[in-house]
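The structure appears below as structure tokens.
This is a predicted model, so every value here is computed, not measured. Along the sequence shown, the residues carry numbers beginning at 1.
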Amino acid sequence: MSDTTHLLIPYAASASEGSQQALQGLALPHLDRLLARLSPHTAHTLTGEETSFSAPHERALAQALGLPVEDGRIPWAAWHRHQQGLPTGGEAWAFVTPCQWHVSTDHITLREPDSLALDEAASRALLAIVAPWFAEDGIALHYDQPTRWLASGALFDELATASLERVLLRDVRPWMPDARTARTLHRLHSEMQMLLYTHAFNDERAARGLPVVNSFWVHGTGPLPTPAPAPTTAPTVPTALRDAALREDWRAWATAWAALDAGPVAALLRQAESGAPVQLTLSGERNALGFHSAPRTLAQRIQGLFRPQRFMDVRNKL
């Protein structure tokens with residue numbers, strides 16, 4: 001188990017115009033001082049695209065936990081079950097999130113699952129309705145949380161899926177799994193939409209003024225490696241920047257950055273200044289950049305490979 005304190009910051013920057021404007025004049029003094037002390041950690045620098053199924057911070061977290069980092073095939077569901085002390089049976093697992101797709105003329109938008117106001121009783125009732133349809137295709141559903149179920153089945157062995165964060169409040173169509181390898185999943189989407197469209201479950205919700213549930217999203221697919229990764233200290237992953245960025249509330253995002261700089265980043269800086277080993281990962285929507293408090297060799301100093309950096313130097317690389 002590592003003694004290094006690791007802070008992993010998702011959505012540290014974005015290419016969106018709103019994010020770029022929010023960064024203008026945003027002072028992050030502790031982050032700048034921390035970056036000036038740390039060296040680039042090339043082994044923990046991950047590159048990708050904004051269209052990658054797995055967000056950079058998810059791949060960075062998987063790497064830190066010893067999980068596979070293949071795009072769209074990080075086995076988060078199997079890992080979650082393993083962390084609960086439950087057997088995975090060597091099977092491939094997935095998360096299934098009941099949700100609402102809002103269909104317009106040119107978009108199919110996945111709305112926030114939390115906005116459904118599903119409690120455990122309603123979620124279990126819905127699961128009982130749809131589970132037989134999934135079972136016909138060899139998929140077993142298991143209750144986990146009101147807005148998230150677990151699923152096991154051979155379908156998830158090789159299936160690459162986009163993480164829920166990639167599709168929240170966005171058009172789902174570019175993020176659907178490849179139709180050639182996911183025919184069963186595409187058919188299940190159609191069947192569930194037809195089943196739930198006129199089902200009494202949704203009629204009762206509509207009568208109470210609650211949003212209807214008309215679809216689902218599969219994510220976190222794959223089997224757990226054998227042997228399972230050894231226990232390790234997980235990075236600290238603050239979520240305030242992510243929550244604001246997904247809503248595209250850049251004013252709140254800038255406020256969250258200031259609070260993060262004054263809190264966890266300042267604490268990591270104090271540790272680094274005291275000589276304790278630290279690691280920092282900054283993640284955008286394309287790439288994740290790693291930094292750590294590794295000693296610098298004389299040759300590295302002479303070559304200038306580790307000139308002090310500030311956040312403004314690295315943000316466009318994310």
Side-chain angles (χ1 to χ4, degrees), residues 7-23 26 28 46 48-62 71-72 74 76-77 80 94-104 106-118 145-148 161-177 211 213-221 235-261 263-265 281-289 311 315-318:
L7 178 63
L8 195 170
I9 302 178
Y11 296 90
S14 168
S16 74
E17 182 178 351
S19 170
Q20 297 301 312
Q21 291 177 350
L23 284 172
L26 178 62
L28 302 173
L46 302 168
E49 303 292 338
E50 288 186 39
T51 54
S52 299
F53 276 0
S54 300
H57 68 273
E58 294 173 318
R59 287 183 284 134
L61 179 58
D71 186 42
I74 303 173
W76 290 122
H80 173 70
F95 288 130
V96 175
T97 295
C99 56
Q100 182 187 91
W101 288 5
H102 177 71
V103 181
S104 62
D106 59 350
H107 280 77
I108 303 176
T109 305
L110 192 151
R111 295 194 165 163
E112 286 269 12
D114 288 343
S115 69
L116 295 174
L118 280 173
Q145 299 173 10
T147 57
R148 194 179 71 187
T161 57
S163 69
L164 188 62
E165 287 187 18
R166 287 302 211 190
V167 295
L168 278 178
L169 306 176
R170 290 177 169 177
D171 188 348
V172 303
R173 291 173 298 179
W175 302 98
M176 292 292 289
V213 184
N214 60 11
S215 194
F216 62 92
W217 193 256
V218 171
H219 51 110
T221 52
T236 298
V237 186
T239 60
L241 291 179
R242 180 199 67 189
D243 295 343
L246 292 177
R247 298 192 307 269
E248 296 187 347
D249 186 345
W250 300 113
R251 184 187 298 271
W253 181 82
T255 300
W257 239 136
L260 193 59
D261 185 72
V265 173
T281 301
L282 298 175
S283 174
E285 292 202 65
R286 298 171 299 156
N287 307 317
L289 301 180
F311 183 54
R315 66 191 188 190
N316 290 330
K317 301 176 184 178
L318 300 176

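- Side-chain contact between Thr221 and Pro177: absent, with no pair of heavy atoms (C-beta onward) separated by less than 4.5 Å.
- When side chains are defined from C-beta on, Trp253 does not count as touching Arg247, because their heavy atoms never get closer than 4.5 Å.
- Contact annotation: the side chain of Arg166 approaches that of Ser52 to within less than 4.5 Å [non-hydrogen atoms, C-beta and beyond].
- In this structure, Leu241 and Pro238 have side chains that are not in contact, with every pair of non-hydrogen atoms separated by 4.5 Å or more.
- In terms of heavy atoms, Leu118 sits closest to Pro98 at CD1-CG, 4.0 Å.
- Proximity of Leu46 to Pro56: side-chain heavy atoms (C-beta onward) are nowhere separated by under 4.5 Å.
- Here the closest non-hydrogen pair linking Leu110 and Pro113 is CD2-CD, 4.5 Å.
- Rounding to the nearest 0.5 angstrom, the gap separating the OG1 atom in Thr281 from the CG atom in Leu7 is 8.0 Å.
- Put simply, the side chain of Ser104 gets close to the backbone of His107: a donor and an acceptor are under 3.5 Å apart.
- To the nearest 0.5 Å, atoms CG (Asp243) and CG (Asp249) are separated by 10.5 Å.
- Taking CG of Leu289 as the reference point, atom CD1 of Ile9 lies at 12.0 Å (rounded to 0.5 Å).
- Within 6.0 Å of CD in Gln20 there are more than 12 heavy atoms belonging to other residues, nucleotides or ligands.
- The minimum heavy-atom distance between Pro211 and Ser115, with the atom names listed, is CG-O, 3.4 Å.
- In this structure, Asn214 CG and Cys99 SG are separated by 7.0 Å, a value rounded to the nearest 0.5 Å.
- For Leu28 against Trp257, the heavy-atom pair with the smallest separation is CD2-O, 3.7 Å.
- Pairing each heavy atom of Ile108 with each of Val103, the nearest pair is CG2-CG2, 4.3 Å.
- For the pair Arg170 and Glu285, the salt-bridge criterion is met [side-chain N within less than 4.0 Å of a carboxylate O].
- Counting heavy atoms from C-beta outward, Phe95 and Thr161 have side chains that stay 4.5 Å or more apart.
- With values rounded to the nearest 0.5 angstrom, Leu164 atom CG is found 8.0 Å from Glu112 atom CD.
- Between Arg59 and Ile74, the closest side-chain pair of non-hydrogen atoms falls below 4.5 Å.
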Run the side chain to side chain contact (heavy atoms under 4.5 Å, CB included) check on His219 and Glu58 step by step: do they pass?
CA-CA 12 Å; His219 51 110; Glu58 294 173 318; over 6 Å; no
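- In this structure, the side chain of Asp71 engages the main chain of Ser54 through a donor-acceptor pair within 3.5 Å.
- A donor-acceptor contact shorter than 3.5 Å links the side chain of Asn287 to the backbone of Gly48.
- Counted within 6.0 Å of CD on Glu49, heavy atoms from surrounding residues, nucleotides or ligands total 12 or fewer; the atom is thus considered open.
- In this structure, Arg111 CZ and His102 NE2 are separated by 5.0 Å, a value rounded to the nearest 0.5 Å.
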Side chain to side chain contact (heavy atoms under 4.5 Å, CB included), that's the test. Do Ser163 and Trp76 meet it? Break it down for me.
CA-CA 10 Å; Ser163 69; Trp76 290 122; over 6 Å; no
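- Residues Pro264 and Ala259 come closest through the heavy atom pair CD-O, 4.2 Å.
- Looking at Trp175, its side chain never comes within 3.5 Å of a backbone N or O of Phe53 through a donor-acceptor pair.
- You'll find the side chain of Val172 reaches within 4.5 Å of the side chain of Trp217, heavy atoms only.
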